[in-house]
Amino acid sequence: MQVVGAAVLDALRSNRIDFGTVASSATAKALARLFGDAFSQTRWVALSPLTADALRSVGAEPAAVAQESTLTGLVDAVVAAAKRNNDAV
C-alpha cells in the first residue's frame, strides 16, 4: 500500500476522519477494496442515490445522500449529516 493509503487507513481505523465523500460507484468499490473493514466503519456521504447503492453493496450504509448531484449538494449533505450527529460544523 502506498504511504498516502497507509496514512488514510490509519486515520480511518482511529476514527480521525469524520466523513468521507464518494462521487462514483467505481470509487466506492475501489475504496472498499483498498481499505477493507475500516471502510465500512467510516461515515460516507454519497453524491447520488446510485452511489449510495454502491456504498451499500460494499457494506457501508451512507450517512447521507446529496439532494442535488453537485459539489454544492455533496457539501450540503455533509453539513446536514454532521448536524444530525452533533458534530462540529
Side-chain angles (χ1 to χ4, degrees):
M1 180 178 298
Q2 297 176 354
V3 174
V4 172
V8 173
L9 180 59
D10 180 57
L12 289 171
R13 286 184 174 151
S14 61
N15 295 318
R16 293 190 320 247
I17 296 177
D18 294 320
F19 291 94
T21 59
V22 180
S24 76
S25 299
T27 299
K29 293 172 184 174
L31 290 172
R33 281 191 305 272
L34 182 63
F35 296 123
D37 290 340
F39 180 80
S40 61
Q41 297 169 3
T42 302
R43 295 180 291 183
W44 295 98
V45 178
L47 180 67
S48 70
L50 184 63
T51 307
D53 288 342
L55 283 169
R56 290 183 190 99
S57 77
V58 294
E61 182 61 32
V65 180
Q67 294 295 310
E68 184 179 299
S69 296
T70 64
L71 182 56
T72 299
L74 190 59
V75 170
D76 290 345
V78 170
V79 170
K83 287 180 179 178
R84 278 194 307 275
N85 288 285
N86 294 319
D87 292 322
V89 178

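Shortest non-hydrogen contact noted between Ser69 and Leu47 is OG-O, 3.2 Å. For the pair Val58 and Ala28, the tightest heavy-atom approach, listed with the atom from each and the gap, is CG2-O, 4.2 Å. Residues Ala60 and Ser40 come closest through the heavy atom pair CB-CA, 4.2 Å. Of all heavy-atom pairs between Ile17 and Leu12, the closest is CD1-CD2, 3.8 Å. Of all non-hydrogen atoms in Gly20 and Thr42, the two that sit nearest each other are N-CG2, 4.5 Å. Looking at every heavy atom in both residues, Ala52 comes nearest to Val65 through CB-CG2, 3.6 Å.
Counted within 6.0 Å of CD on Gln67, heavy atoms from surrounding residues, nucleotides or ligands total 12 or fewer; the atom is thus considered open.
Atoms CG and CG, on Leu31 and Leu55 in that order, are 9.0 Å from each other to the nearest 0.5 Å.
The backbone N or O of Ala63 sits less than 3.5 Å from a side-chain atom of Arg84, completing a donor-acceptor pair. Using a distance-only test at 3.5 Å, with no hydrogens or angles considered, no donor-acceptor pair links the side chain of Arg56 to the main chain of Pro62.
Under a hydrophobic clustering in which Ile, Leu, Val, Met, Phe, Trp and Tyr are joined whenever their side-chain heavy atoms come within less than 4.5 Å, directly or via other members, Leu50 and Leu74 fall into different clusters.
Between Arg13 and Asp10, none of the side-chain N atoms (NZ, or NE/NH1/NH2) sits under 4.0 Å from a carboxylate O, so this pair counts as no salt bridge.
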